Structure formats: structure tokens, C-alpha cells
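To keep things clear, I will list the structure first and then write my remarks on it.
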Amino acid sequence: MRDSDLAQIHRQALTATRKVVAGIKPNQWHDSTPCAEWDVRELANHVISGNWWAAELANGATIASVGNRLDGDVLGTDPLRAYDDSAAVAAEVFEREGAMSAPCAVSYGPVPGSMYCGHRFIDVFVHGWDLAKATGQSTDLDPALVAACLEVVKPQAEMFAGSGMFGDGAPSPVAGTDPQRELLTMLGRNP
């Protein structure tokens, strides 16, 4: 996948997840999610905070220079607006000239911007599914985004499975599995 394609796919994932965030009802913010450690609000906060982190780190900041500025609740009283604001800067930072080759000082890095963008794409896209599942919205993912996500995940599947961040993800799902099920299973979800 070309870097410019990855930046656009990341933007498309942000748009897809926005629809889910917009569909969260006021009484659902404390419902449980497929991510056992987070309720709906905490998971949305994780995604939004991640967008703000992407804007910082892909713009040359370090974890130390950001400090604790993005800790805690970043949703405020208008979670959809918080999502929109964070998604706009996260999308733009990866679309800048040279962003995909610039080093990003992430916790597991530094890594090229293209790798970090790929990881942000996975995070936003799959957590969009988590939020949809938790709030009773459609869990049907865009097939083109699923295919792109698999393209990013498959070469790193063993690393993801070994990280412990994706539950008991299976790096090699059963042959013939539909792509969405394959992706979700690889990332520790039970579709």
C-alpha cells in the first residue's frame, strides 16, 4: 500500500468511526465494551486521546514534551465535537508532505510515520467496531477498509498477538473465514 493511500484510508476510518460515536445514546456511555478494561466513554476517550497523540507525535513532539497534557478525560461535555476536533488534526498530520517518512517518537519507537499511521488506522477502525458492538449499532465494517486493515495487520500479526494488547488473538484464523471475521479474530475480538 502506498503511503498516500494509507493516509487516506486512515481518514476514511476516522469518518467511519465518527458515525458510531454520533450514534452513541446518552444512556450508553457507561455500558461495557469488548475491551474489558473500558466502558463506552473510556474507550471513546482512548480513541480521541489517541487522535490528539497522533497529531503531536507525527508533528515531531515526544512523549516527554507532551507530558500529561492528554491524560484524563478529553471528551468533555460534547464527545462528538471532541471526536471531530481530534479526528481533523489526526487526519491532517498524516497527509502532510513528508509525514510518512518522518520519525515518530512513539512508546515503541521511533518509527516511520507510515507505521504509526497504520497503527492509528487499526486502532480507530477496530475500536469503532468495539463501540458499535457495545452500543447495539451495526457492526458491519466497510469491506474495503477491512481489506486495507488486513494488509496492515497481517505482516505484524505475530507481534500484535505477542504484545498482549489484543487478547488471545489468533495470528492464523481458519482458512476461508470472511475477511471481517479474520481481522477481528486476529485482533482478539469475538465477532
Side-chain angles (χ1 to χ4, degrees), residues 1-18 20-21 35 37-38 42-72 74-75 82-131 141-142 144-167 169 171 183-184 186-189:
M1 179 182 319
R2 293 183 325 206
D3 290 347
S4 59
D5 293 339
L6 183 57
Q8 286 305 307
I9 288 166
H10 172 250
R11 180 180 284 279
Q12 291 169 20
L14 288 163
T15 300
T17 296
R18 185 209 188 271
V20 176
V21 173
C35 302
E37 67 275 13
W38 292 321
E42 292 165 331
L43 181 54
N45 192 74
H46 165 76
V47 173
I48 293 168
S49 176
N51 289 340
W52 288 119
W53 273 103
E56 294 284 341
L57 299 179
N59 204 27
T62 64
I63 292 171
S65 69
V66 174
N68 63 2
R69 215 169 8 98
L70 299 174
D71 291 352
V74 296
L75 271 68
Y83 183 86
D84 287 343
D85 291 347
S86 71
V89 295
E92 289 167 9
V93 76
F94 288 119
E95 293 169 350
R96 281 190 349 238
E97 183 72 32
M100 291 299 168
S101 59
C104 296
V106 297
S107 60
Y108 52 91
V111 298
S114 58
M115 178 177 278
Y116 186 36
C117 182
H119 292 172
R120 287 300 307 145
F121 162 48
I122 295 166
D123 198 60
V124 168
F125 187 56
V126 174
H127 283 321
W129 181 89
D130 293 329
L131 289 167
L141 297 173
D142 178 316
L145 290 176
V146 168
C149 201
L150 280 168
E151 191 174 330
V152 174
V153 170
K154 281 184 176 182
Q156 303 173 67
E158 286 185 30
M159 178 192 72
F160 288 147
S163 74
M165 294 172 38
F166 299 101
L183 173 66
L184 295 171
M186 288 176 78
L187 296 178
R189 272 67 181 171

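These numbers come from a predicted model, not from an experiment. Residue numbers start at 1 and run along the sequence shown.
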In residues 97-108, what donor-acceptor pairs under 3.5 Å come from side-chain atoms, sequence neighbours left out?
| from | atom 1 | to | atom 2 | distance (Å) |
| --- | --- | --- | --- | --- |
| Ser101 | OG | Gly98 | O | 3.3 |
| Tyr108 | OH | His119 | ND1 | 2.7 |

- Query: Which residues satisfy the side-chain contact (heavy atoms from CB on, under 4.5 Å) test with Val20, sequence neighbours excluded?
  - Reply: Leu131, Ala132, Gln137

- Partners meeting ring-ring contact (aromatic ring centres under 6.0 Å, His included) with Phe94 (sequence neighbours left out): His10, Tyr116

- Message: Nearest 0.5 Å, please: how far is CD in Gln8 from CD in Glu95?
- Response: 4.5 Å

- Distance, nearest 0.5 Å, that separates CG of Asn68 from CD1 of Ile63: 13.0 Å

- Under the 3.5 angstrom rule, does the side chain of Asp123 hit a backbone N or O of Val47 as a donor-acceptor pair? no

- Could you tell me whether the side chain of Thr17 and the main chain of Leu14 form a donor-acceptor pair under 3.5 Å? no

- From Asn51, Asp85, Asn45, residue fulfilling side chain to side chain contact (heavy atoms under 4.5 Å, CB included) relative to Val74: Asn45

- Report the distance from atom CG of Asp5 to atom CD of Glu151, rounding to the nearest 0.5 Å. 9.0 Å

Under 3.5 Å, which donor-acceptor pairs do the side chains of residues 52-59 form with other protein atoms, sequence neighbours left out?
| from | atom 1 | to | atom 2 | distance (Å) |
| --- | --- | --- | --- | --- |
| Glu56 | OE1 | Arg69 | NH2 | 3.4 |
| Glu56 | OE2 | Arg69 | NH1 | 3.2 |
| Glu56 | OE2 | Arg69 | NH2 | 3.4 |
| Asn59 | OD1 | Arg96 | NH1 | 2.7 |

- Task: Determine the minimum heavy-atom distance between Leu6 and Phe121, stating which atoms define it.
- Result: CD1-CD2, 4.3 Å

- Item | Side chains of Trp38 and Asp130 in contact at under 4.5 Å (non-hydrogen atoms) | no

- Tell me, which pairs form a salt bridge (Lys or Arg N to Asp or Glu O under 4.0 Å) where one or both residues lie in residues 45-54, sequence neighbours left out? none

- Spatial distance of atom OG (Ser86) from atom CZ (Arg18) [nearest 0.5 Å]: 11.0 Å

- Please round to the nearest 0.5 Å and tell me the distance separating atom CG of Leu141 and atom CH2 of Trp129. 8.0 Å

- Query: Where the side chain of Asp142 meets the backbone of Leu145, is there a donor-acceptor pair that is under 3.5 Å apart?
  - Reply: yes

- Query: Looking only at heavy atoms, which two atoms of Cys35 and Arg189 are closest? And how far apart?
  - Reply: SG-NH2, 3.7 Å

- Which residues satisfy the salt bridge (charged side-chain N to carboxylate O under 4.0 Å, His left out) test with Glu42, sequence neighbours excluded? none

- Looking only at heavy atoms, the pair that brings Tyr83 and Val124 closest together is OH-CG1, 3.9 Å

- Query: Minimum heavy-atom separation for Cys149 to Ile122, with atom names?
  - Reply: SG-CG1, 3.8 Å

- Taking the side chain as C-beta and beyond, is there a heavy-atom pair between Asp84 and Val21 under 4.5 Å? no

- Message: Can you tell me how far apart NZ (Lys154) and CG (Leu183) are? Round to the nearest 0.5 Å.
- Response: 9.5 Å

